[in-house]
Amino acid sequence: MTAKIGGYIVLFLCCVLAQVLIFNYITLFYVAIPVVFIYFIIRVPVNLSLPLLYTFAFLLGLTVDIFSDTPGVNALACVLIAALKSPIYYIYVGKDDRTQFLVPCVATLGLIDYCKYLLTFIGIYCFLEFTIEYFSFANVKDIVILTSASTAFTFVILLAIDCLIPVKT
């Protein structure tokens, strides 16, 4: 159990450092913003206890908020998406004893199911983030454009990252 928590901490630190040091400075056509730090929430097993998942999600969002000068936007969006992790997962994967212990990745879910899971997860996160940031539906067009572009850009990056990380079975 200690090795698993140590692995989560390493993944947490890698996601935060990658976002803060690299991906915060990348934008595609001033519209698409990669949010790769949410890979941590995507990657942890679905059967992780909810208090631990919410704590990790809040700390992840808060850490990125501190380094990005976005007061609470990412923390709130991360906790909301952590609450939706299990329902999103079970939309695409049947609920049984075997699937609750899987680590969501290409190797365990297969490419098609993982891509659907990843795209849904990222899309909801980006929509939440930009809606919270604008705090209004007056700019619906901007929210839709930012959400669509950021979702597509982040999806490509996270799919590439996931294919590079080995899975321990």
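Please read these numbers as outputs of a predicted model, since none were measured by experiment.
Note that SG of Cys14 and OH of Tyr39 are 11.0 Å apart. Values are rounded to the nearest 0.5 Å.
Between Tyr117 and Phe121, the gap from one ring centroid to the other is short of 6.0 Å.
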Please lay out, stage by stage, how Ile165 and Cys105 fare under the test side-chain contact (heavy atoms from CB on, under 4.5 Å).
CA-CA 9 Å; Ile165 294 177; Cys105 63; over 6 Å; no
Can you check side-chain contact (heavy atoms from CB on, under 4.5 Å) on Val46 and Leu102, steps first, answer last?
CA-CA 7 Å; Val46 179; Leu102 290 178; over 6 Å; no
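The side chain to side chain donor-acceptor pair (under 3.5 Å) search around Thr151 returns none, not counting sequence neighbours. Not counting sequence neighbours, Asp65 has no partner by the salt bridge (charged side-chain N to carboxylate O under 4.0 Å, His left out) test.
When all heavy atoms of Ile122 and Phe155 are compared, the pair lying nearest together is CD1-CA, 3.6 Å. Counting all heavy atoms, side chain and backbone alike, Asn24 lies closest to Ser68 at ND2-OG, 2.8 Å. Of all non-hydrogen atoms in Val35 and Cys126, the two that sit nearest each other are CG2-SG, 4.0 Å.
Around atom OH of Tyr8, more than 12 heavy atoms belonging to other residues, nucleotides or ligands sit under 6.0 Å away. Within a 6.0 Å sphere centred on CD1 of Ile112, heavy atoms belonging to other residues, nucleotides or ligands number 12 at most.
Defined by atom type and a distance below 3.5 Å, a donor-acceptor pair is missing between the side-chain atoms of Asp113 and Tyr89.
Formation of a donor-acceptor pair under 3.5 Å by the Thr27 side chain with backbone atoms of Ala32 is not found in this model. Judged purely by atom type and a 3.5 angstrom limit, Gln19 has no side-chain atom pairing as donor or acceptor with the backbone of Ile38. Side-chain atoms of Lys116 never come within 3.5 Å of backbone atoms of Tyr92 as a donor-acceptor pair (strictly under, hydrogens ignored). In this structure, Thr154 contributes its side chain and Val36 its backbone to no donor-acceptor pair below 3.5 Å. Using a distance-only test at 3.5 Å, with no hydrogens or angles considered, a donor-acceptor pair links the side chain of Ser150 to the main chain of Ile33. Between the Lys85 side chain and the Val44 main chain, a donor and an acceptor come within less than 3.5 Å of each other. Looking only at distances, a side-chain donor or acceptor of Asp162 sits under 3.5 Å from a matching main-chain atom of Val106.
Evaluation of the ring-ring contact (aromatic ring centres under 6.0 Å, His included) test over residues 9-34, restricted to residues two or more places apart or in two chains, returns Phe12-Phe40.
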